[in-house]
2 protein chains.
Amino acid sequence: MRSYGQYCAIARALDVVGDRWTMLIIRELLVRGECRYTDLRDGLPGIATNLLADRLRALEAAGVVTRRQAAPPVAAVLLTLTERGRALQPVIDGLGRWGIPLMVEGPAPGDEFRGRWLAWPAELFLSDHRPEEAAVAIVLRTSAGEAPMVIETVDGAVHAREGECDEPDAILTGTPHTILGVLSGQVTLAEARDRGLGFEGDADALARVQPHALAA
Amino acid sequence: MRSYGQYCAIARALDVVGDRWTMLIIRELLVRGECRYTDLRDGLPGIATNLLADRLRALEAAGVVTRRQAAPPVAAVLLTLTERGRALQPVIDGLGRWGIPLMVEGPAPGDEFRGRWLAWPAELFLSDHRPEEAAVAIVLRTSAGEAPMVIETVDGAVHAREGECDEPDAILTGTPHTILGVLSGQVTLAEARDRGLGFEGDADALARVQPHALAA
DNA sequence: CCGCATCCGGGGCGATACTG
DNA sequence: CAGTATCGCCCCGGATGCGG
């Protein structure tokens, strides 16, 4: 990026991560961890391939991303955030928190979606109200072809990860918008089921982590 | 900005504040509060006037900025952040914190600087180690023509603001880089004075708020 | 299939000039 | 003071090609 030419901490930060697509590349690397060029491409629908290559080079030069060869059997380059790169987590979190209100209207026509993008809303809205009880796991399925998300309670906190789960306490199936409504507590489970949400398992497991705002 | 077309909180946020210059406009409005178009221009050296106008329109449409007429005597438009706009403070703070390490090498040739940009480093590095004592005020002067910054202790916290101060406990005069070195504790007062820092007043007032890292 | 490089059209951006 | 007008350039987006 063209430098702003300002001796200011914020401008200097934006000189490195202010380019178009750059923060979304950081988002993908934060939520996926180490992954391949092609994985990044899949997680960044709309990006031009040359731009992704350019950005990765710039981020590598800036000490934000590192590149390493995968183990012999799979000939692939693996990309990871450095410690310096992971230090951008608060910025991404802040952006995600600020962006949540922009999602209540649902996706615009043609909007892309990936299940793992629910990780921030999930960890933002949910908390474990009964940490003394046994841990629960809730699976979110937003699309048939995609890997589901698993929401798990761990020591009173709630974490979201990509992947399967052997014996989930509950399974939610539906559109991203509907699932987001349930996670945020803006829609009750009953309402959501009327709107097409699929639900299996223990409703209490869901209530345990849902925000208390339901009372309002 | 062209939308990223992704139903994701971070992408949605960047659809609004991801454009070039936009976050720096937010920075200026956060640190200055209500101000005029021309004030913004001065605080954003390098921006094209049409871009500033474009961005302000977009931010107004997005509910981030509001515009109002000043009181009759001065015919001027005053721009302010809305509540929604001020909610970007954590993002700006995160960027500023992340950008601090990029400033230790000093300004590049031709870099612009404004005294008020020291507000983030000041509040980030400094803390009041003896809150039980009377409040202190330290003035920073980085340039003859510019308004100085005042650092004040208030209830154990440290705040930075633009403006003068009647009876400061200490006055630092020097280049931004030198002053930053002192504020961050990377350079001792004695070293900084050797490098051209001007210092008047009570060295103890400075030590009271400087980071403890000096021991290292 | 992976990881790019290259080419090309369009528009955002930057600089300057100008106006109510 | 607060913008609008204009213009060249380069970044961006989309498509294609290509070596490993």
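Small disclaimer: the values here were computed from a predicted structure and weren't measured. Hydrogens, waters and symmetry mates are skipped; everything else that's a heavy atom, side chains included, is used. Proteins get letters first, then strands, A, B, ... in listed order; numbering begins at 1 in each.
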Of the nucleotides [options], which has the atom closest to the [X] side chain?
{"X": "Arg57(B)", "options": "dG3(D), dC13(C), dC4(C)", "answer": "dG3(D)"}
{"X": "Ala76(B)", "options": "dT4(D), dA2(D), dC13(C)", "answer": "dA2(D)"}
{"X": "Val77(B)", "options": "dC13(C), dG3(C), dA2(D)", "answer": "dA2(D)"}
{"X": "Arg2(A)", "options": "dT4(D), dC12(D), dA15(C)", "answer": "dA15(C)"}

Is there a side chain to side chain contact (heavy atoms under 4.5 Å, CB included) between Leu140(A) and Leu183(A) once you walk through the steps?
CA-CA 10 Å; Leu140(A) 308 180; Leu183(A) 293 186; 4.0 Å; yes
Using whole Å, report how far [atom1] of [X] lies from [atom2] of [N].
{"X": "Arg20(A)", "N": "dC13(C)", "atom1": "CZ", "atom2": "P", "result": "9 Å"}
{"X": "Glu60(A)", "N": "dG3(C)", "atom1": "CD", "atom2": "P", "result": "13 Å"}
{"X": "Leu44(B)", "N": "dC13(C)", "atom1": "CG", "atom2": "C1'", "result": "15 Å"}
{"X": "Arg36(A)", "N": "dC4(C)", "atom1": "CZ", "atom2": "C1'", "result": "15 Å"}
{"X": "Leu51(B)", "N": "dG12(C)", "atom1": "CG", "atom2": "C1'", "result": "8 Å"}
{"X": "Asn50(B)", "N": "dT19(C)", "atom1": "CG", "atom2": "P", "result": "17 Å"}
{"X": "Arg41(A)", "N": "dG14(D)", "atom1": "CZ", "atom2": "P", "result": "12 Å"}
{"X": "Leu52(B)", "N": "dA5(D)", "atom1": "CG", "atom2": "P", "result": "16 Å"}

Rounded to the nearest 0.5 Å, how far does CZ of Arg195(B) lie from OG1 of Thr175(B)?
9.5 Å
Under 4.0 Å between any heavy atoms, over every strand shown, what does [X] touch: base, sugar-phosphate, or nothing? Just pick one.
{"X": "Ala48(A)", "result": "base"}
{"X": "Thr38(A)", "result": "sugar-phosphate"}
{"X": "Asp54(B)", "result": "nothing"}

As a quick check of understanding, evaluate side chain to side chain contact (heavy atoms under 4.5 Å, CB included) for Asp15(A) and Tyr4(A), giving each step before the final call.
CA-CA 7 Å; Asp15(A) 283 346; Tyr4(A) 284 106; 3.3 Å; yes
Residue whose closest nucleotide on DNA chain C lies nearer the 5' end, Tyr4(A) versus Leu56(A):
Leu56(A)
dA15(C) base / Thr49(B) side chain donor-acceptor hit below 3.5 Å:
no
May I ask you to decide whether Arg86(A) forms a salt bridge with Glu83(A), counting only side-chain N to carboxylate O separations under 4.0 Å?
yes
